[in-house]
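First up is the structure itself, then whatever we jot down about it.
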4 protein chains.
Amino acid sequence: MAKAGVIGATGYAGVELVRLLLRHPHVNVAAISSVSFEGQPLSEIYPSLYNICDIICGSADEVIDACDVVFAALPHGLSQDTAAACVKAGKKFIDLGADFRLDSPDDYREWYKCEYKYPELHDVAVYGIPELFRGDIVGKTIVGNPGCYPTSVALGLMPALKAGVVKTDGIVIDAKSGVTGAGRKPTKSTHFPECNEAFSAYKAATHRHTPEIEQTLSKVAGEQVTVTFVPHLMPINRGILSTMYLKLKPEVKAESVRALYEDMYKDEAFVRVMPRGVGVDVKNVRCSNYCDIQIYTDEHTRLLIVTSVIDNMIKGAAGQAIQNMNLLFGFCETDGIDMIPPAF
Amino acid sequence: MAKAGVIGATGYAGVELVRLLLRHPHVNVAAISSVSFEGQPLSEIYPSLYNICDIICGSADEVIDACDVVFAALPHGLSQDTAAACVKAGKKFIDLGADFRLDSPDDYREWYKCEYKYPELHDVAVYGIPELFRGDIVGKTIVGNPGCYPTSVALGLMPALKAGVVKTDGIVIDAKSGVTGAGRKPTKSTHFPECNEAFSAYKAATHRHTPEIEQTLSKVAGEQVTVTFVPHLMPINRGILSTMYLKLKPEVKAESVRALYEDMYKDEAFVRVMPRGVGVDVKNVRCSNYCDIQIYTDEHTRLLIVTSVIDNMIKGAAGQAIQNMNLLFGFCETDGIDMIPPAF
Amino acid sequence: MAKAGVIGATGYAGVELVRLLLRHPHVNVAAISSVSFEGQPLSEIYPSLYNICDIICGSADEVIDACDVVFAALPHGLSQDTAAACVKAGKKFIDLGADFRLDSPDDYREWYKCEYKYPELHDVAVYGIPELFRGDIVGKTIVGNPGCYPTSVALGLMPALKAGVVKTDGIVIDAKSGVTGAGRKPTKSTHFPECNEAFSAYKAATHRHTPEIEQTLSKVAGEQVTVTFVPHLMPINRGILSTMYLKLKPEVKAESVRALYEDMYKDEAFVRVMPRGVGVDVKNVRCSNYCDIQIYTDEHTRLLIVTSVIDNMIKGAAGQAIQNMNLLFGFCETDGIDMIPPAF
Amino acid sequence: MAKAGVIGATGYAGVELVRLLLRHPHVNVAAISSVSFEGQPLSEIYPSLYNICDIICGSADEVIDACDVVFAALPHGLSQDTAAACVKAGKKFIDLGADFRLDSPDDYREWYKCEYKYPELHDVAVYGIPELFRGDIVGKTIVGNPGCYPTSVALGLMPALKAGVVKTDGIVIDAKSGVTGAGRKPTKSTHFPECNEAFSAYKAATHRHTPEIEQTLSKVAGEQVTVTFVPHLMPINRGILSTMYLKLKPEVKAESVRALYEDMYKDEAFVRVMPRGVGVDVKNVRCSNYCDIQIYTDEHTRLLIVTSVIDNMIKGAAGQAIQNMNLLFGFCETDGIDMIPPAF
């Protein structure tokens, strides 16, 4: 049994991670930490865990000491010292924040107004979407766990870009996220009466996930990809649906694209290319690590339309982090994250 | 006082129309009809109207006889005979269905699998978006009240297309609608446990509003416009948000586009170009006849992003129908539809 | 036209009041105030009001100076000075807070931890449920506008208690409120992901509306009434449903109770005793000033079950305040508050 | 591994049962059936199961043949023949319907308008709430799995009634259920726009779960118990909260009641008596087999208030059925149903 710990366990991604780790067959949750709630049992903050996980929140240092693998679910900038401490102590580190996602320090500076304090850490770090970069993850020490939106986009677009059937400029990504994506902190825009029966776009073309999306898609395509990315807030708890619009290259037959998707994902446990006629829905992946994909072609405008859905807190955060841990430790990739989405 | 009647009063658009007409200062609701509920008071189907509107549902003929202006909220194909009867009887006819929206009989046949039974009626009919075609509406006998999605799209894109600042091909329209758009009839996809905490695209690139959208945009642009239109179902009762992506022409300065929008809508009572930094939200127009618009430009991809919101049942149906009636009868255009959207 | 002003206009009750007053036929909104947003237009806080009500928030003193009638929607304790200033200046004052609801200074002290600073004001004040105390309201200077829960309870129980068909002890009130009842300030319990898909009781048998409920019911019954009051939070924006359980006196025939209710409310514009078999639903009174009531009797336990629904922000706050104003000024009682609830 | 089958697998309780059984460590899902969808894979009806459970729906007979334990999730009346067939074939039978819940044929006839076709089956049948009747369940052949409301009520009231600290007459049960309780079939009252932002009581004092509740409580109390039961429909997918009001006997100290509850449930895996000050919430048990309980006393009226929550589809249906199966087969009682409720 590996000893796992979560730093920032009282945030939404943190507590979801704890919940999943508690049922992982090869892991013990050895320690958790929280700056805001140090000294309190986790179940005091989340009564859903009463009698199930009454572990006391300690400090980050205590977590690093006690564990073989450390997950951090922190605001950007704050994971760097922890990562350095883990590397020094010979522990694996999986960062659910943004500090190990971008290759370029310039991108990080521009979008997050932060500096890479330990550039050398990025040599032992990897960007962790297993379905795209599985081979690179095994053996690494630090995993930059991807953002929720970038996960849904990368899985949705990889086959088309890798096969080169679409143009790489002017990709439109219209994404919709549930409110847990905004985190645990109450704000005006997440206050129930403001958010319920509401729907809006936010940070149109200025969201921080844009450079991460372009970085991943460019790697996959083998050339520079540009996207226009507009996220929206949906009045539901969990889930991301990304609707993406790409220009088919002139010679490409619509029919061949579906075959491409089915083929590229045929061995993946967590990606489902849905049968023709079955649209994807965020509810169909809720509380699971699945990513469902459906594609359409608009013949009269020659656009390829790709829809992909994930649970933003699982495949978009805690579930994918565990999937990465499974790779690092040589566990079965589906261990602890093979939950079946409930039908309702 | 004009005598108004509603055919199909027990559907969602119908009952909303009745509700608004009951408070119109220059109208009496003289008669209503329903095939499914003939002989029953409207308040038996909608207890919210108990003691407010206990009118008995009669037949379509009774409505035509009793009224100066007849509204029909019927499935497509069924308004044609009613329209003919109204014209013969010298009554005004406002169709909330699809039978008088498309200019081309071929489009109607292709998308609705129906024929225009009385081609001559289309000579006295007009497509009723007052903000775009006000001059054409006055004096007409029949109004084809626009679809909900096309209204949100046309109002959102008119200034850019009319001014010619964007290209007319490959416009992407990612639209989201509340569930009332699906009507009153219970179905699997609108069953609460299926629809709540869910989000999905439907009829991607095959929705019947596509030709109506292209027809209107082409008129406005003065050249053929093509769009890719993907609607989505939001788990809320009311509202449409359309997020639209257009290619800015090379020479166009992003800054000038906002000025364009503000200028073209400066005298419109129901269109609000929101100040920079204030995103539109379906909740801000709920239960009102407003259309709110916000625009963004993505400089790195040179796309113009337009977001527009309406209440699908008011500006997208009953409210716009009354606005058209006001034009036909020379009432003040805002009469009966100047409701202020509640803040929550 | 009377000049009306709202102190605390940026809270939920305040902004709803402004929205309704803007469409009142005999009132102008002359001034509004807000401590938190002084100097800002109301539409900056509520974009739904953009171009509709861009009045700048001023100070409470400015409102008193400018207006004939002053509404205050403030936390308890803060209305007393305002009330005194209004009385001195000869203005009418309608308090949506709790400072003029309780007759007994001891109750006020016990439940609100506050003192009555100006006991003499209570001589010119009245508790404003028009359907119960209409005659007492006319001519008064200060109105204590009732709490939302007490309104739903008092209207639901008046006929049974007034006629003396039920016992006055051990009345059980199980009430459910939408989230706007908790106000505009974001908190953990009103954060969307905490509140959505959730349902809970709160302040069981300790809610501050308990003494107000018992005071009103005791007046109506002519003897001391005791209740157990348990409120719950519903994941919807608006509405209160109170389900109330009372012991029928032995001799009372169930059938006669319905007749009682119908008779006592037959002339009321805003109370609807629903026909047998038609249950009440918060949706049927949404955005309206109606209170709907349905009664049942459980013969095998001899309990009378009364269900009543209101919109907590209208009949439970802003609408009833305007109804009281209409009485004070001799307007038609339904002026400005005859909105028809939308069917969805 | 036991071979399990589900008759009526495409209803909501049925599909939830399949989902849970698929992850049970000692069970294989050997066959499922559906009258409406015979011949179709389950994943065609529920795309959430695509690639996870593509088993074809067969006939009830095929299920009985193939399995050691047969679950039936059918409308009342339809389980009797299946039960008889199972008994004849030596299979265990767990009925999620109402055919084996009531001891009295008269009650069954009165409330369900049905006859017990095989009275002898009731001799080998047991009413399955493990926490109350564990000893009786082991060794039985047929289990009548309790209704959702009765489960929440029985667990909430057992300690008080068993200890005799409350009176047994005039118990008030105000219960609230999520919409999945109404089943999979779309109806007007479960149509999203009717149900969303709505809240109502239904079947006040006439719901079929009333005799089942009184039967169980009477057994526990050792004397006849009468209740007034009023269910309500909440606009959420899952969960039941029952708020219950009981008269404390004169001599009973409020303080002692909490100790009673804690003591009686101290060894139960699935019942959590929450700490003082921590209210129960349906969200805290969602997707789990837990029942959370909190109690209050209203000293001024001497009422005991008990609130209990369950997930209506798990502890109120599929989870409890599996718990019963675990008892019948000698598995660990928590096997396959130890899911941790997600925090959001």
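Just the heavy atoms: all of them, side chains too, but no hydrogens, waters or symmetry mates, feed the values below. Each chain gets a letter, A, B and so on, in the order the sequences are listed, and its residues count up from 1.
A pairwise comparison of heavy atoms in Arg238(A) and Phe344(D) identifies NE-O, 3.1 Å as the closest pair. Taking all atoms of both residues into account, the shortest heavy-atom contact from Met274(A) to Tyr50(D) is SD-CD2, 3.6 Å.
Contact annotation for Tyr12(A): both backbone and side-chain heavy atoms come within less than 4.5 Å of a heavy atom of chain D. With a threshold of 4.5 angstrom between heavy atoms, Glu44(D) does not approach chain A through any atom at all. Only the backbone of Val273(A) has a heavy atom closer than 4.5 Å to any heavy atom of chain D. Contacts of Val285(A) with chain D are absent, with no heavy-atom separation under 4.5 Å from either backbone or side chain. Contact of Asp338(D) with chain A is made through backbone and side chain together, with heavy-atom distances under 4.5 Å.
When the heavy atoms of residues 18-35 of chain D are compared with those of chain A, the residues falling under 4.5 Å are Arg19(D), Leu22(D), Arg23(D), listed by number. Along residues 178-191 of chain D, the residues that come nearer than 4.5 angstrom to chain A, judged on non-hydrogen atoms, are Thr180(D) in order of number.
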ask   = Given the rule in the side chain to side chain contact (heavy atoms under 4.5 Å, CB included) test, do Tyr46(D) and Asn284(A) qualify, once you have shown the distances and angles that lead to the verdict?
value = CA-CA 8 Å; Tyr46(D) 293 102; Asn284(A) 290 337; over 6 Å; no

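Judged purely by atom type and a 3.5 angstrom limit, Arg272(D) uses its side chain to pair as donor or acceptor with the backbone of Ser48(A).
Between Ile52(A) and Pro341(D), some side-chain heavy-atom pair lies under the 4.5 Å cut-off.
The structure places CZ of Arg286(A) at 6.0 Å from CG of Asn237(D), a figure rounded to the nearest 0.5 Å.
The greatest number of non-hydrogen atom pairs below 4.5 Å with chain A, out of Ala343(D), Pro275(D), Cys287(D), Ser288(D), is found for Pro275(D).
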